[in-house]
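Worksheet: one structure, shown below.
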Amino acid sequence: MWGRANVNTVLVILCTTCLAACNPKPPNLAANGPVEVTIFTPRPADVPASMVFVGQTQSAQAVDIRARVNGFLIKRNYTEGARVKKDQLLFEIDHAPFLAELESAKAELAMQKARYEKSKANLDRVGPLAAENALSPKDLDNAMGNTKAAAASMEAARAKVKVQELNLSYTYIRSPVDGISDYALLPDGSYVSAGQNLLTTVSTYDPMRVALSVSEEQYLGLHTRVESKALRMPENGKLQAGLTLADGQAYAHTGDVTFTSSTFNQKTGTFLVRADFPNPKAELRPGQFVRIRLSGAHYTNAIAIPQRAVMHSAKGDFVFVVDAEDKAQVRPVTVADQDAAMWRISSGLKGGEQVVVDGNSKLVPGHPLKVVGEAKNHSFPDTNVKLTAQ
C-alpha cells in the first residue's frame, strides 16, 4: 500500500506532464526566414467621396389617356407598347352622332344669319325715314333692337358650331406627348364616358427620371461631415453621378439633379431626390430599379488603402502593419467606404504607417518581414457624369 505522500507525488508528476503537453513552446518564426511583402504607405489626402443609392426610374410625364366625349369606341389605331408621337391618333369614337350635331348647329347658324341680314336690311330702310321724321322714334328703336338681337343670336349659333366641331375632333383621341404607349384597357365597341374611362397611358421616356430616397440618418451624417469640414462639397455645386442597371452594366449617359425635397417624409423616413437622365434609345423604362452613384465631393485628410490590404476575421476587419523591428503586427481597422480598388479607413491607421498589401495571407503576428516593393496609389472611379446639386 502506498502512503498518501506517494499518491500526491504521482499526481503532481502527472499534472506537470499534462501541462507541458497542452502548452508547447511557440515555433521559432525566425527560423522560417522573413516573408517577402509589398507595402503601401497611406498619406492623409482628399479622397473622392462616393454615395450609392437604390433608385427607381419614373417617367417625367405619364399621361392618362381618357375620352373627352361620350360614345362608343370603334377603333384602336396604335400598336400597344410601341413608341408614339405627339398628336398621333390612338383611338376613335363613333363620329356619326357628332357629325349630325354639327350639321344641325350649322343649319341653326344659317337661319340666324338670315334673320340678322333681314333685320339689318330693315334697319337700313327705317333709318333714313326716321331722320326725316317720316317714322316715329319708337319704330327706329324697334328696328335697332331687332338687329342687335339677331346679331347676338347669330353669334350664339356660330359658337354652337365651334362647340360641335370641337366635340367632333374629340372623337379622334390623340397622344399629347412623345412617349411609349401602354396596353389598351378597353376593347373596340366599349361605351366610354367623358373623363371616366381610362383608355391607356403614354409615358415620356426622354429624359428618364430616377427617384432616390435619402434617409434621415444619411442626411444628418452628411450634414455633420460638411459642417465639420471632414467632407468638402464641390465649389461649383455640381456632383457627378452614374447609373448601374440590374445586369451590372453601367449606363452610358449623364444626368442632372432636378429636384431635392426640402421636407422630411414622415411616412417613409426619407428625403426625396430626383435626377433626369437622357434616354434617347429608350433603354430605361419606367419602374426599373437601378443603382445611382453620386460623387464629386471629397473627404479631407482621409486615409485610403488598397482593397487587398484588408483582411477579415470573426472579430472584424484588420490589416498587417510593419513595426519598427520589421515584424508584422495586427491592426484592427474600420472600413468606411468600399469603392473599387481603394477603401477609405475611418479609424485604426495613421498617415505614414506601412501597410502590408501583398503577402499578408502568409503572416502571423510577430513574423519577420522583408519589404521587396511598394504599391502605387490607385485611382478612384470617375463616372464623368455631371449632376447639379440642389
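Given the structure is predicted, the values throughout are model-derived calculations rather than measurements. Numbers for residues simply follow the sequence, beginning at 1. Excluded from the calculations below are hydrogen atoms, water molecules and symmetry mates; all remaining heavy atoms, backbone and side chain alike, are included.
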Closest non-hydrogen atom pair, [X] against [Y]:
X	Y	value
S190	P187	OG-O, 2.9 Å
A105	V161	O-CG2, 3.3 Å
V47	A304	CG2-CB, 4.1 Å
I305	A309	CD1-CB, 4.2 Å
M144	L123	CG-CD1, 3.4 Å
A375	T38	N-CG2, 3.6 Å

Are any side-chain N or O atoms of [X] and backbone N or O atoms of [Y], one a donor and one an acceptor, separated by less than 3.5 Å?
X	Y	value
S215	Q218	yes
N279	L284	yes
E227	T224	no
S261	T263	yes
S203	I180	no
N70	A194	yes
S193	Q196	no
N265	K267	yes
Q56	G287	yes
E101	F98	no

Are [X] and [Y] side-chain neighbours, meaning at least one heavy-atom pair lies under 4.5 Å?
X	Y	answer
S175	D87	no
V355	P42	yes
L231	L222	yes
P280	D206	yes
V210	V290	yes
V192	L199	yes
F53	S213	no
T270	V214	no

* Asked: Angle class for the Y251/F277 ring planes (parallel below 30°, perpendicular above 60°, tilted otherwise)?
  -> perpendicular
Hydrophobic cluster membership, with links at side-chain heavy-atom distances under 4.5 Å among I/L/V/M/F/W/Y: are [X] and [Y] in one?
X	Y	result
L294	Y219	yes
W343	I303	yes
Y172	V202	no
V177	Y183	no
I93	L102	yes

* To do: Run the numbers on R174 and L90 for side chain to side chain contact (heavy atoms under 4.5 Å, CB included), then give the verdict.
  => CA-CA 5 Å; R174 302 178 185 276; L90 302 179; 5.7 Å; no
Check side-chain hydrogen bond (donor to acceptor under 3.5 Å, both in side chains) between [X] and all other residues, then give those that pass, not counting sequence neighbours.
X	answer
K86	none
D124	K120
T41	E374

* **side chain to side chain contact (heavy atoms under 4.5 Å, CB included) between V226 and M233, worked out** => CA-CA 7 Å; V226 172; M233 301 299 291; 4.1 Å; yes
* Partner residues of S104 under the side chain to side chain contact (heavy atoms under 4.5 Å, CB included) criterion, sequence neighbours left out -> none
Point-to-point distance, once rounded to the nearest 0.5 Å, from [atom1] of [X] to [atom2] of [Y]:
X	Y	atom1	atom2	value
E92	K75	CD	NZ	5.5 Å
I74	T171	CD1	OG1	7.5 Å
Y205	Q61	OH	CD	13.5 Å
H253	K281	NE2	NZ	6.5 Å
L245	Q288	CG	CD	7.0 Å
T57	E283	OG1	CD	12.5 Å

* Asked: T204 and S59: side-chain hydrogen bond (donor to acceptor under 3.5 Å, both in side chains), yes or no, with the steps?
  -> CA-CA 6 Å; T204 58; S59 172; 3.2 Å; yes
* Let me see the working for T200 and Y78 under side-chain hydrogen bond (donor to acceptor under 3.5 Å, both in side chains), right down to the final yes or no. => CA-CA 11 Å; T200 189; Y78 76 100; 3.3 Å; yes
* Asked: Should we say atom NE2 of H223 is surrounded by more than 12 heavy atoms from elsewhere, each under 6.0 Å from it?
  ->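 For H223, atom NE2 is not crowded (no more than 12 foreign heavy atoms under 6.0 Å).
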* Enclosure of E217 CD (heavy-atom neighbours >12, cutoff 6.0 Å) -> no
* Does F320 have R331 sitting over its ring (NZ/CZ under 6.0 Å from centre, angle to axis within 45°)? ->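 Negative - R331 is either too far from the ring of F320 or too far off its axis.
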* Does the ring of F91 carry R76 above it, NZ/CZ under 6.0 angstrom from centre and within 45° of its axis? -> no
* Quick one: salt bridge (Lys or Arg N to Asp or Glu O under 4.0 Å) partners of E325, sequence neighbours excluded? -> K327
* Report the C-alpha distance between V335 and V310 in whole Å, list the side-chain angles of each, state the deciding distance to 0.1 Å, and finish with yes or no for side chain to side chain contact (heavy atoms under 4.5 Å, CB included). => CA-CA 9 Å; V335 178; V310 181; 4.2 Å; yes
* Can you check side chain to side chain contact (heavy atoms under 4.5 Å, CB included) on L212 and V54, steps first, answer last? -> CA-CA 6 Å; L212 58 102; V54 175; over 6 Å; no
* T201: which of V63, I65, L185, D64 passes side chain to side chain contact (heavy atoms under 4.5 Å, CB included) ->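 Option passing the side chain to side chain contact (heavy atoms under 4.5 Å, CB included) with T201: D64.
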* Tell me the side chain to side chain donor-acceptor pair (under 3.5 Å) pairs involving residues 142-166, sequence neighbours left out? -> R115-S153, E155-R158
* To do: Salt-bridge test for D46 and R232: reply yes if a basic N is under 4.0 Å from a carboxylate O, no otherwise.
  => yes
